[in-house]
Amino acid sequence: MPKELESGSPESPDDSSSTTQTLELLCHLDNTAHGNMACVVWEPMGDGKKIISLADNHILLWDLQESSSKAVLASSASLEGKGQLKFTSGRWSPHHNCTQVATANDTTLRGWDTRTMSQIYCIENAHGQLVRDLDFNPNKQYYLASCGDDCRVKFWDTRNVTEPVKTLEEHSHWVWNVRYNHSHDQLILTGSSDSRVILSNMVSISSEPFGHLVDDDDLSDQEEHHQEEKNKEPLQDSVIATYEEHEDSVYAVDWSSADPWLFASLSYDGRLVVNRVPRALKYHILL
């Protein structure tokens with residue numbers, strides 16, 4: 001991006017006066033040999049030099065080299081089986097030293113080790129119909145969320161993939177997107193072809209199932225007794241809010257990378273809606 005457009009830059013122009021800027025092409029992924037690209041994901045940590053792309057039935061690991069304008073294909077693997085197997089979605093796990101990637105094809109979820117490009121787990125029939133999207137819990141390793149055309153959102157522990165840990169059935173049509181909040185992983189966003197965005201509180205499978213942990217030294221005797229009672233029982237999972245500002249299928253939802261309480265959704269008719277987590281819930285999580 002041009003320097004003056006980078007956030008926090010003193011030369012950053014305000015939107016009304018900004019003219020169209022040309023982006024500098026740094027690198028090209030030569031994908032002609034592998035088919036149509038369905039998804040590209042950056043390595044979550046590190047220096048931004050590694051990319052995974054999913055093209056038809058190929059998973060490709062690219063190395064972006066500064067000296068070259070062409071990415072180098074470091075390693076790859078392919079789906080094998082009957083019929084035309086095609087990847088639909090993928091996510092790179094921020095855990096395990098960034099050595100694991102999860103992919104979806106048809107109704108199946110798979111885990112891959114990027115060091116050997118070998119499969120490490122497989123969840124066949126993870127959904128009754130096509131899997132649309134997946135996301136890793138950013139704060140709790142092994143936990144993966146998936147959603148699909150069976151109207152469900154499922155949560156998995158990748159160490160034991162026989163059954164989902166939890167299932168959400170709040171949508172009435174295909175679920176296109178699922179996203180964990182980066183800071184407070186009990187907050188889950190989903191967007192669907194039922195034109196709704198649902199914000200759920202999946203606290204029982206979060207990194208803080210007993211709520212915000214308070215230091216004992218800060219409590220009086222009476223408060224301590226009350227805190228002990230509170231800590232015995234995990235908080236209940238629930239739908240926090242359903243947003244119905246869209247009049248068409250919601251194809252994308254995402255959290256702000258700068259403000260943990262802000263999120264956006266985009267629907268087929270081109271409507272972009274920005275919302276905030278309800279204030280009461282925000283203070284309940286923080287206090």
Side-chain angles (χ1 to χ4, degrees), residues 1 5 7 15 23 29 36-44 48 51-55 86-94 101-107 109 126-127 129-138 143-156 167-202 239-278:
M1 284 178 69
L5 290 186
S7 59
D15 293 339
L23 299 179
L29 302 183
N36 295 324
M37 206 179 279
C39 176
V40 179
V41 286
W42 291 96
E43 184 180 26
I51 285 179
I52 286 274
S53 70
L54 304 175
K86 285 188 179 183
F87 287 114
T88 51
S89 181
R91 296 294 274 185
W92 202 320
S93 170
V101 170
T103 61
N105 69 287
D106 199 20
T107 61
L109 297 175
H127 286 262
Q129 295 177 52
L130 183 74
V131 180
R132 292 265 171 199
D133 194 25
L134 39 123
D135 198 20
F136 280 100
N137 185 321
Y143 275 70
L144 176 70
S146 63
C147 62
D149 286 3
D150 58 0
C151 313
R152 292 181 170 92
V153 180
K154 295 187 179 184
F155 299 89
W156 306 89
T167 302
L168 277 178
E169 300 184 35
E170 300 297 333
H171 286 288
S172 57
H173 208 270
W174 306 344
V175 188
W176 282 80
N177 250 168
V178 57
R179 285 289 177 269
Y180 277 101
N181 186 291
H182 312 302
S183 305
H184 308 287
D185 55 90
Q186 65 265 51
L187 301 178
I188 307 288
L189 266 184
T190 52
S192 162
S193 298
D194 62 10
S195 308
R196 297 183 302 159
V197 174
I198 294 180
L199 175 61
S200 302
N201 191 15
M202 301 303 291
V239 170
I240 298 157
T242 301
Y243 300 90
E244 301 190 357
E245 294 102 333
H246 293 283
E247 293 170 15
D248 216 324
S249 297
V250 179
Y251 282 165
V253 294
D254 219 335
W255 293 97
S256 162
S257 54
D259 181 343
W261 310 108
L262 203 62
F263 59 91
S265 51
L266 182 67
S267 53
Y268 178 71
D269 54 8
R271 181 178 294 182
L272 174 71
V273 179
V274 178
N275 271 304
R276 282 193 171 278
V277 172

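Between R91 and D133 there is no salt bridge, since no side-chain nitrogen of the basic residue lies less than 4.0 Å from a carboxylate oxygen of the acidic one. Under 4.0 Å is where a charged nitrogen must lie from a carboxylate oxygen, and between E245 and R271 no such pair does.
Side-chain contact between P278 and L199 is present, with at least one heavy-atom pair separated by less than 4.5 Å. Within the 4.5 Å cutoff, the side chain of I240 has heavy atoms near those of the L187 side chain. Looking at W92 and W42, their side chains never come closer than 4.5 Å, going by heavy atoms from C-beta outward. Side-chain atoms of S146 and W156, non-hydrogen and from C-beta on, do get closer than 4.5 Å to each other.
S249 contributes no side-chain N or O that, together with a main-chain N or O of Y251, makes up a donor-acceptor pair within less than 3.5 Å. Put simply, the side chain of T107 never gets that close to the backbone of A126: no donor and acceptor are under 3.5 Å apart. The backbone N or O of V131 lies less than 3.5 Å from a partner atom in the side chain of T88, making a donor-acceptor pair.
The CD1 atom of I188 sits 8.0 Å away from the CG atom of D135 when rounded to the nearest 0.5 Å. Summarising the geometry, atom NE2 belonging to H246 is positioned 11.0 Å from atom CG belonging to D194; distances are rounded to the nearest 0.5 Å. Here D259 contributes atom CG and R276 contributes atom CZ; the two are 4.5 Å apart, rounded to the nearest 0.5 Å. Put simply, CD on E170 and CZ on R152 are 12.0 Å apart, with the number rounded to the nearest 0.5 Å. The distance from atom SG of C151 to atom CD of Q129, rounded to the nearest 0.5 Å, is 7.0 Å. Put simply, CG on L134 and CZ on R179 are 8.0 Å apart, with the number rounded to the nearest 0.5 Å.
Of the listed residues (I198, V239, V197, V250), just one forms a side-chain contact (heavy atoms from CB on, under 4.5 Å) with T190, and that residue is I198.
When every heavy atom of N181 is checked against every heavy atom of H184, the shortest pair comes out as OD1-N, 3.0 Å. Nearest heavy atom pair, residue V175 against residue C147, reads O-SG, 3.4 Å. Residues L272 and A264 share a closest heavy-atom pair of CD1-CB, 4.2 Å. When all heavy atoms of A258 and S256 are compared, the pair lying nearest together is N-OG, 3.0 Å. Taking both residues in full, the closest heavy atoms of H182 and P138 are given as O-CG, 3.6 Å, listed atom of the first, atom of the second, then distance. The two residues P44 and S93 come nearest to each other via the heavy atoms CG-O, 3.6 Å.
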task: Carefully, step by step, assess Y180 and F136 under the rule ring pair (Phe, Tyr, Trp, His ring centres under 6.0 Å).
output: CA-CA 7 Å; Y180 277 101; F136 280 100; 8.9 Å; no
Chi angles and distances behind the side-chain contact (heavy atoms from CB on, under 4.5 Å) call for L262, V274: CA-CA 7 Å; L262 203 62; V274 178; 3.9 Å; yes
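Atom CG of N36 is surrounded by 12 or fewer heavy atoms from other residues, nucleotides or ligands within 6.0 Å.
Residues satisfying the ring pair (Phe, Tyr, Trp, His ring centres under 6.0 Å) criterion with Y243, sequence neighbours excluded, are F263. Under the rule for a salt bridge (Lys or Arg N to Asp or Glu O under 4.0 Å), D248 has no partner lying at least two apart in sequence or in another chain.
Relative to the ring axis of W176, R132 places its NZ or CZ within 45° and under 6.0 Å from the centre.
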